[in-house]
Amino acid sequence: MRVRAQMSMLFHLDKCIGCHTCSVACKNLWTDRDGAEYMWWNNVETRPGTGYPTGWEDQEHYKGGWQRDKKGRLKLVLHSKGGGVAKAFFNPALPELNDYYDPFTFQYGDLFNSPPSEQQPTAIPISKITGQPLEISSGPNWDDDLGGSDIFAANDPSMEGVDDVVRAQMEEIERVVFNYLPRICNHCLNPSCLAACPSGAIYKREEDGIVLVNEEKCRGWRMCVSGCPYKKVYYNWNTGKSEKCILCFPRMETGQAPACAHSCVGRIRYMGVLLYDADKIASSAALPDDELLDAQLDMILDPHDPQVITAARAAGIDEGWIDSAQRSPIYKFVKVWGMAFPLHPEYRTEAMMFYVPPLSPVMSSIEQNMIKLDIPDERRDFELMDELDKARMPLEYLANLFTVGDSDRIRRVLRIMLAVRTYKRRQSVDGVIDEATLELIEEVGLTENMVEAIYSMTTTPTVDDRFVMPPYHREMSLEAIGDPLTAKGSTGFGTIKPPRRGP
Amino acid sequence: MSTNDVLFGVLPYMAATLAIFVGVVRWRREPFSVSSLSSQLLESRKLYWGSISFHWGLTIILTLHLLALIIPSGFEWWNGAPVRLYLLEITGLALGLWAAFGITVLIVRRFTSARVRRVTTGMDHVVLLVIAIQIVTGVWIAIGYRWGSYWGTGVFIPYVRSLLFFQPEPEYIDPLPWVLKTHVLSFFAFLAIFPFSRLIHIITLPLQYFFRPWQKVIANREPPADEYISNEPRTKQFN
Ligand code: SF4
Ligand code: SF4
């Protein structure tokens with residue numbers, strides 16, 4: 001057992017309101033620069049939909065992630081090492097700018113400089129790259145809230161395997177069912193962006209698992225962009241370097257949650273430490289598809305287990321981190337309650353950002369253009385339990401996103417969430433909890449204490465409940481390279497040079 | 001000293017000094033500035049036709065030039081039979097034309113794509129010009145002064161060797177026609193602009209990729225005192 005720590009984020013999708021505050025916080029902080037305008041290190045997609053960049057989940061096209069070859073070995077989908085170097089002159093699997101969008105602004109000067117006239121002056125859109133006028137025809141959230149969904153939702157790769165009847169139902173009511181999927185870099189345990197980089201510029205930080213591009217070593221081969229199945233590395237066309245989400249490490253090193261999490265309006269985001277067994281990374285990523293998810297979850301260690309604690313200390317993990325891991329909300333959701341999964345575990349990168357699948361809206365049908373729930377009020381809670389297959393957001397679809405197609409696992413989580421809801425409703429509305437409800441929570445594998453814990457962590461958590469930030473002790477790691485006092489009051493990058501494009 | 005001596009006896013040293021000295025300084029002090037500066041994201045269709053032809057054509061031709069320098073006897077032996085000489089010459093010409101096609105596409109692309117124009121600098125024009133001159137004169141020589149791989153071993157090889165051994169004998173070049181002189185001179189120009197332009201990405205060919213494990217983990221934690229060696233972050237790797 002080789003214990004390592006990972007900073008992990010959890011998204012409670014049931015709570016996301018699709019406000020994009022997270023994306024804007026990130027953009028203002030990190031990517032508001034020439035060459036980075038089109039980068040959305042954090043983006044929020046409407047599902048079903050094709051996401052950003054368009055169709056990023058189509059790995060036959062983009063060749064991201066890993067695959068298991070016939071002999072059971074782990075291979076990059078993108079290339080072998082020789083192939084990667086041979087393709088240095090042209091990378092056929094690179095998304096083009098049009099797969100993202102042409103970043104635009106408006107010619108605001110026209111508003112002030114226009115000569116007096118009958119009409120109001122307008123500011124025409126212009127490309128931020130060329131400065132030329134532009135017909136805006138796509139953008140980072142072009143299909144937001146299912147806008148234009150007959151094009152976008154129909155092309156969603158995760159719809160594959162959703163059976164035709166369900167698909168027809170979704171299409172029939174496509175205007176009333178969707179949910180949001182916020183995405184950042186998953187800071188994977190087995191990152192394929194890193195493996196695809198010929199220059200060796202990408203690395204994973206041992207102390208917190210953040211995956212970073214060393215901009216001084218990056219030579220602009222762009223293999224990481226293709227290699228990442230989540231398309232979370234972006235090529236800066238201005239500096240000629242690749243960039244990605246840095247999980248706001250300068251914020252985390254000073255005890256603050258990443259900006260996207262901190263600004264989240266729906267308070268759907270949680271941050272915490274996970275301890276995992278680094279010895280199992282390579283072997284568990286090479287398992288057959290149906291064993292992948294379990295293997296990945298098994299790598300996460302119990303931070304209360306004395307053996308794990310001893311091993312963690314031996315690996316040089318700080319007491320403060322072990323304590324954080326024990327209080328980690330991520331650990332509770334993922335391991336104790338079993339309510340959260342990584343996004344697309346079948347990409348075999350062992351993504352370390354977790355998602356609680358969305359419960360509502362549950363189910364309905366349309367009669368004469370009226371949306372109607374099919375179940376009488378008194379029986380609703382219990383009926384819903386058994387009728388999850390009729391959920392408006394099909395289980396198969398969620399299973400394609402989070403559990404390699406295993407809809408039973410999604411059903412189990414949704415049943416837990418429904419049971420908690422039922423219990424709390426009995427408690428707060430009726431004032432008593434009837435036998436049937438108690439049976440129900442037992443049936444889904446919960447105790448009353450767990451119900452209360454899940455409820456309070458979901459509904460009424462404070463900032464400190466949501467973000468359990470470990471002590472980074474930058475002063476200690478700085479001691480290794482010099483006098484920590486020289487770095488007093490500073491954080492993150494050290495000396496900052498403006499990112500100037502080379503000649 | 002005649003003009004010929006300056007151009008072919010002194011200039012090469014100046015160009016090489018620039019290339020090595022400035023190249024090393026830039027590589028070490030401004031690593032951020034070293035990049036292929038790819039514009040594939042902005043335009044990819046024309047790049048596909050231009051970049052692949054240009055890079056491969058040029059890489060193979062340069063390798064052949066280098067081979068001729070290292071093992072001229074091998075070339076002499078090979079060219080001993082006329083069939084093989086024809087074969088080599090035709091291959092060389094084909095590669096030259098391939099590269100010429102590539103650079104034509106690249107030049108057109110630079111000038112026609114608005115997005116690519118945005119990231120084009122004056123130095124990029126110089127680079128394209130110098131390489132275009134090299135390719136055009138190269139193809140010209142292959143057609144107009146045929147059997148270069150045969151007679152070249154008696155003229156260019158001794159000349160380049162004299163340069164490499166610091167006893168320049170520019171006389172070898174003096175009697176040659178101007179096309180050949182231009183071909184040689186443009187190479188020195190290439191060397192001279194190499195460290196000041198995007199050409200520096202040539203030495204970034206990522207061969208270390210073959211020798212590293214797939215994954216790379218770097219620790220920034222305080223190492224135990226006895227392990228403390230340098231201020232480089234320690235690297236741990238698996239797979
Ligand atoms: S999600 Fe992040 S760590 Fe994982 S492969 Fe993509 S860029 Fe790399
Ligand atoms: S800020 Fe939070 S609620 Fe709003 S879109 Fe982002 S993740 Fe969802």
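Chain naming here is simple, since letters A, B, ... match the order of the sequence lines and numbering starts at 1 in each.
The residue among A/A88, A/C218, A/A196, A/G209 with the most heavy atom pairs within less than 4.5 Å of chain B is A/A196. Each of B/T204, B/L47, B/T59 has some count of heavy-atom pairs under 4.5 Å with chain A, and the biggest count is that of B/T204. Of the residues considered (A/G240, A/G502, A/P503, A/G220), A/P503 shows the highest number of contacts with chain B, using heavy-atom pairs under 4.5 Å. Interface remark: of the candidates A/P95, A/C197, A/S199, A/C197 forms the most heavy-atom pairs closer than 4.5 Å to chain B.
Taking CD of B/E30 as the reference point, atom CZ of A/R500 lies at 7.0 Å (rounded to 0.5 Å). Atoms CH2 and CD, on B/W27 and A/E216 in that order, are 11.5 Å from each other to the nearest 0.5 Å. To the nearest 0.5 Å, atom OH of residue B/Y209 and atom NE2 of residue A/H79 are 3.0 Å apart. Of the inter-residue distances, the one linking A/K81 atom NZ with B/L207 atom CG reads 12.5 Å to the nearest 0.5 angstrom. Distance check: B/L205 CG to A/R219 CZ gives 12.5 Å after rounding to the nearest 0.5 Å. In this structure, CG in B/L42 is found 9.0 Å from CG in A/D102, a value given to the nearest 0.5 Å.
Open room surrounds CD on A/E135; 12 or fewer heavy atoms of other groups in view lie less than 6.0 Å from it. Atom CZ of B/F21 sits in a sparse spot, with 12 or fewer heavy atoms from other residues, nucleotides or ligands closer than 6.0 Å. Heavy atoms from other residues, nucleotides or ligands lying under 6.0 Å from CH2 of B/W56 number 12 at most. No more than 12 heavy-atom neighbours from other residues, nucleotides or ligands sit within 6.0 angstrom of NE2 on B/H65.
For chain B, the nearby parts of A/T239 are the backbone and the side chain; heavy atoms of each come within less than 4.5 Å. Proximity to chain A (any heavy atom under 4.5 Å) is shown, for B/F210, by both the backbone and the side chain. Using a 4.5 Å cut-off between heavy atoms, A/N91 touches chain B through backbone and side chain atoms alike. Contacts of A/K217 with chain B are made by side-chain atoms alone, with heavy-atom separations under 4.5 Å and no backbone atom involved. For chain B, the nearby part of A/I202 is the backbone; its heavy atoms alone come within less than 4.5 Å.
No side-chain heavy atom of B/Y48 sits less than 4.5 Å from a side-chain heavy atom of A/P92. Side-chain contact between A/F90 and B/Q40 is present, with at least one heavy-atom pair separated by less than 4.5 Å. Counting only heavy atoms from C-beta outward, the side chains of A/N190 and B/Q215 approach each other to under 4.5 Å. Side-chain contact between B/W214 and A/W66 is present, with at least one heavy-atom pair separated by less than 4.5 Å. Between B/L41 and A/R222 the shortest side-chain heavy-atom distance does not fall below 4.5 Å.
Judged by distance alone, with hydrogens and angles left aside, the side-chain atoms of B/R115 form no donor-acceptor pair with the main-chain N or O of A/L97 at under 3.5 Å. Put simply, the side chain of A/Y235 gets close to the backbone of B/S38: a donor and an acceptor are under 3.5 Å apart.
For the pair A/K241 and B/S35, the tightest heavy-atom approach, listed with the atom from each and the gap, is CE-CB, 3.9 Å. Of all the heavy atoms in B/R118 and A/D34, the pair that sits closest is NH2-OD2, 3.0 Å. The two residues B/A219 and A/E206 have their closest heavy-atom pair at CB-OE1, 3.0 Å. Taking both residues in full, the closest heavy atoms of B/P206 and A/W221 are given as CG-NE1, 3.8 Å, listed atom of the first, atom of the second, then distance.
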**OP:** Starting from the C-alpha separation in whole Å, work towards a yes-or-no answer on side-chain contact (heavy atoms from CB on, under 4.5 Å) for A/T130 and B/R117.
**Re:** CA-CA 8 Å; A/T130 62; B/R117 289 253 15 112; over 6 Å; no
Pair A/R4-B/V217, side-chain contact (heavy atoms from CB on, under 4.5 Å): steps then yes or no: CA-CA 11 Å; A/R4 265 202 226 133; B/V217 176; 3.9 Å; yes
